[in-house]
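Report on the structure given below.
Side chains included, hydrogens not; waters and symmetry mates left out as well; all remaining heavy atoms used. Both ligands and their constituent atoms are indexed starting at 1 by order of listing. Remember, it's a predicted structure, so these values are computed and weren't measured experimentally.
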Amino acid sequence: MDTILQPIAEKVRASERLSREDGLSLLEHLDVWTVCQLANEVRHRLHGRVTYYNINRHINYSNICALSCKFCAFHRKQGDEGAYAFSVEEIAAEARKAAEAGATEIHMVGGLHPYLPFSYYTDVLRAIKQAAPQIHVKAFTAVEIVHLSRIAKRPKDLVGVLNDLREAGLGSLPGGGAEVFDDRVHDEAFKGKIRSDQWLEVHRAAHEVGLMSNATILYGHVETLADRVHHLCLLREAQDEAIERGYAGRFQTVIPLPFIPDDSELEHLAGPTGLEDLRMLAVARLMLDNIEHIKCFWIMQTLELAQVTLDSGVNDVDGTVVWYDITRVGGSGLHQERSVRDLRDAIIEAGYEPVERDTVYRPVQRDGASWSVALETAV
Ligand code: V47
């Protein structure tokens, strides 16, 4: 090992926190395989060979959005061809179908709809819980929560709004919408979306009210490597704060998402390579010493690459089913689905032990479509 990686490896082996400079060296160093190997050591220390997956459904309640982010191929304006917003009943029916098929989680996000009232969102949550009481609803990215707080006319009361949503059935927040925590990148690619301080404020409020949340980083577009490290450092600080303050909620998993240029206004960009994907997941594992899980979202990375990432810091491959995928299909409404068998076989072939989890990482005991968790705690 050379003089740059050697001291970093020593820190990793002594479980010492890596610095910002270490993070940048890991992203820049030519020897990607040693970087992955170091992340693999941490992964094995934390999780052994266990690799999590879940049985989930994605519901995008509407693609109508007041914003027009350049990187997003999903948004439509009201009245555009392909624009839609599901009714409360339609969403409840999907939740019922998901529960009947054995799903433990609904991952629900949408655009910033300019006209739907706050009551639509609480009604949707209540209807899902009535139709599928056992299912965990992981819903609304931080930018949606800010939008909901505005339409609820309580823009300064994030804690109150999140509590109302929780009472209606919200179980946790997904990690979307973080993009890259940098104002230049934000203004170039995501203008109009909330900035990093607001994204972090929403998640801080969620942790304070006891909701678990996830975090993403969308890499491989107009950001620099230093921007990526900065993003990871801000997440690490926010997690330190949640732990120090004794909040009941915190970040559970970080999901590095490779930018997919197709159909977006940034289509001229190439997007990251496979090796860049591996390295980014590995560096996330190495830098985020206070966040337990690193997820490879196979929908965007492919299941084939996800197998390889298990040796590079990843211990979670997300779930089985994506329905009306916000990220991949440019609004065409394509369904994507992989069976439990596909996910388990892929994990086993890579030399790991597949474990079905619920949204808050409790192992699931399953008998067909019925399931339970070993430890009953409130979610
Ligand atoms: O926020 C949008 C990203 C995210 C593109 O919390 C794109 O468990 C790549 O957040 N290329 C939504 N990415 C997905 C997401 C997620 C996925 C899986 C699990 C969890 C979780 C969260 O997709 C958006 C945005 O960052 N995105 N457009 C694109 N062209």
N/O to N/O below 3.5 Å, does that happen between A178 and ligand 1? no
Mind checking the CG-CD spacing from D289 to E16? Nearest 0.5 Å is all I need. 11.0 Å
Who gets closest to atom 7 (C) of ligand 1 by heavy atom: L269, I260, L218? L218
Under 3.5 Å: N/O of H58 near N/O of ligand 1: no
In one Ile/Leu/Val/Met/Phe/Trp/Tyr side-chain cluster, 4.5 Å: L275, L5: no
Which ligand 1 atoms, with their elements, are less than 4.0 angstrom from a heavy-atom of G175? 6 (O), 21 (C)
Mark up the atoms of ligand 1 that fall under 4.0 Å of a heavy atom belonging to N214, in ascending order. 6 (O), 8 (O), 21 (C)
Please determine whether residues L281 and L27 belong to a single hydrophobic cluster, defined as Ile, Leu, Val, Met, Phe, Trp and Tyr linked transitively by side-chain heavy-atom distances below 4.5 Å. yes
Would you check whether T216 reaches within less than 4.0 Å of ligand 1, judged by its heavy atoms? yes
With a 4.0 Å cut-off on heavy atoms, is P258 in contact with ligand 1? yes
dist I151:CD1 -> L116:CG (nearest 0.5 Å) comes out at 7.0 Å
Is there a path of hydrophobic side-chain contacts, each under 4.5 Å between heavy atoms of I, L, V, M, F, W or Y residues, that connects I145 with L200? yes
The one among K193, Q252, H107, E267 that brings a heavy atom closest to atom 22 (C) of ligand 1: H107
How long is the gap from CG on L305 to OG on S312, to the nearest 0.5 Å? 8.5 Å
If you count the atoms of ligand 1 from 1 in the order shown, which ones are under 4.0 Å from a heavy atom of P174? 6 (O)
Where on I255 is there a heavy atom closer than 4.0 Å to ligand 1, on the side chain, on the backbone, on both, or on neither? side chain
What do we get for D318 next to ligand 1 when only non-hydrogen atoms under 4.0 Å count, side chain, backbone, both or neither? side chain
Using 30° and 60° as the class boundaries, would you call the ring planes of H221 and F190 parallel, tilted or perpendicular? perpendicular
For ligand 1, is any non-hydrogen atom under 4.0 Å from F297's backbone (N, CA, C, O), its side chain (CB onward), both, or neither? side chain
Within 45 degrees of the axis of the six-membered ring of Y361 and under 6.0 Å from its centre: does R357 put its NZ or CZ there? yes
Is the closest N or O pair between M300 and ligand 1 shorter than 3.5 Å? no
Give the numbers and elements of all ligand 1 atoms closer than 4.0 Å to a heavy atom of G176. 1 (O), 10 (O)
Can you classify the ring geometry of Y121 versus F140 as parallel (below 30°), tilted (30 to 60°) or perpendicular (above 60°)? perpendicular
